[in-house]
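Note on naming: letters A, B, ... go to the chains in the order of the sequence lines (proteins, then strands), and numbering restarts at 1 for each one.
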Amino acid sequence: MKTGFVYGYMGKPLEKRYSYHGIDRKCLIQPDPSPYDEYPFLPPGPFWILVYNQLFQCAYNYCYHTWPMNSTWLPSSDWDPCTKHWYPRTKRYYWIWLYLVPRYPFCAASFSIGTECKYSAFEFKYVPTVWSFINNVWADSTLICRTFNAGPGSHIKIWRSETGELPPGPPI
Amino acid sequence: MAIVKEITPETIELLRGTIDFYLLRGILPVARSWPKKPKPPYTELQAEAMAVFAIANKSMHRLSPNMLETWQLSTVGVKPSWTDVYRSIIMKYWKLKRVIAPIALNYEVVDAGLEFKVVWQILQLYIDPETPEEIYSDESILIVKSDILLAPKPIYFTLLDDDKNRLVAPYILFEDIP
């Protein structure tokens, strides 16, 4: 919704003429011009809510970061085209921020990418790297992210939507 | 409906219950088939339209005194009354989107220094009686005063959806904020 500003004499009636069974009649109506300026609503929510925040490390092994079961998982109204899907069949958006520090010589990360109906391939990194993006959870499992060989100082944060609908901006 | 040129009172009586004769707008004699009140079972669409009309009528009593006065002022001098306009917005919106249009119960123009914003209190009703109504407050983004002050006057504001369809709010005269 938005607030629309209209230029015109809304208090000055317009005369509208019409034919009614062959008789020409007149009627006074209010003008109805279209808005010349529109201001959308604030806040532009929904907002992101932090549901997972963890410092972690995993020596020469995988770390699994799943959707926290104690967090309300609200569906959006956007249809999920994947064969594997949640019920109701709509997307569950998440925002992830991952700072991964490699344990010598490298580390790797993979994410649940609902837009492609799969987990992404492992991305190998040899220097500390940050990922920060939005996607929706693929319904294969509640796993959001897998990391491999994460060194000390690695940090992950996951946000969910306040209402389930896609928030317009990044987490604050 | 047909225009009638010559008719006798006997014929009118004879056709009572079948054909209805009357003066259209008090001046034009016309005939139409005898009106019948629609009876159940209504079609699904008829029933829904009736429900929407009833919701529109009931919701008028929820308006704040401020909004009610604005509605009444907004239709001074025009033929349709404010209640006609109010109902027609809801019915047209339902015809377009098959939902009840959000209804502005109240509004406030808030001055924030060099900017201002419009805060609306909105009532969202649903056709399904099982779905609870929602009342919430929403506000426009901050509007730079100088932009509006430069615009030609008079200016009115109202509530629109994202497709620029008018929602249930009157045209409210925007008075300059010094």
Peer 1: Show, in sequence, the C-alpha distance, side-chain angles and deciding distance for Gln57(A) and Ser154(A), and conclude whether the side-chain contact (heavy atoms from CB on, under 4.5 Å) test is met.
Peer 2: CA-CA 6 Å; Gln57(A) 57 173 311; Ser154(A) 297; 5.6 Å; no
Peer 1: Using non-hydrogen atoms only, which part of Leu167(B) is less than 4.5 Å away from chain A: side chain, backbone, both, or neither?
Peer 2: side chain
Peer 1: With a 4.5 angstrom heavy-atom cut-off, is it the side chain or the backbone of Tyr156(B) that approaches chain A, or both, or neither?
Peer 2: both
Peer 1: Phe5(A) and Phe174(B): ring pair (Phe, Tyr, Trp, His ring centres under 6.0 Å), yes or no, with the steps?
Peer 2: CA-CA 9 Å; Phe5(A) 281 76; Phe174(B) 175 75; 5.7 Å; yes
Peer 1: Strictly below 4.0 Å, N to O, side chains only: are Asp80(A) and Lys91(A) in salt-bridge contact?
Peer 2: no
Peer 1: Return the option, out of Val118(B), Ile143(B), Leu159(B), with the maximum number of heavy-atom pairs under 4.5 Å with chain A.
Peer 2: Ile143(B)
Peer 1: Under a 3.5 Å threshold, yes or no: a donor from one side chain and an acceptor from the other, between Ser110(A) and Glu123(A)?
Peer 2: no
Peer 1: Thr158(B), Leu173(B), Ile27(B): which one forms the most heavy-atom pairs within less than 4.5 Å of chain A?
Peer 2: Thr158(B)
Peer 1: Looking at Glu133(B) and Arg62(B), is any side-chain nitrogen of the basic one under 4.0 Å from a carboxylate oxygen of the acidic one?
Peer 2: yes
Peer 1: Could you check which of Pro13(A), Pro35(A), Gly4(A) has the highest count of heavy-atom pairs closer than 4.5 Å to chain B?
Peer 2: Gly4(A)
Peer 1: As an exercise: rank Pro80(B), Ala169(B), Pro102(B), Pro152(B) by heavy-atom pairs under 4.5 Å with chain A and give me the winner.
Peer 2: Pro152(B)
Peer 1: Stepwise, does the salt bridge (charged side-chain N to carboxylate O under 4.0 Å, His left out) test hold for Lys97(B) with Asp163(B)?
Peer 2: CA-CA 11 Å; Lys97(B) 305 212 168 180; Asp163(B) 302 325; 2.6 Å; yes
Peer 1: Chain A: which of Thr75(B), Leu160(B), Val119(B), Val85(B) shares the most heavy-atom pairs with it under 4.5 Å?
Peer 2: Leu160(B)
Peer 1: Would you mind telling me which of Lys12(A), Gln30(A), Met1(A) has the largest number of heavy-atom pairs within less than 4.5 Å of chain B?
Peer 2: Met1(A)
Peer 1: Is a side-chain donor-acceptor pair under 3.5 Å present for Tyr7(A) with Asp37(A)?
Peer 2: no
Peer 1: Please state whether the side chain, the backbone, both or neither of Ile122(B) comes within less than 4.5 Å of a heavy atom of chain A.
Peer 2: side chain
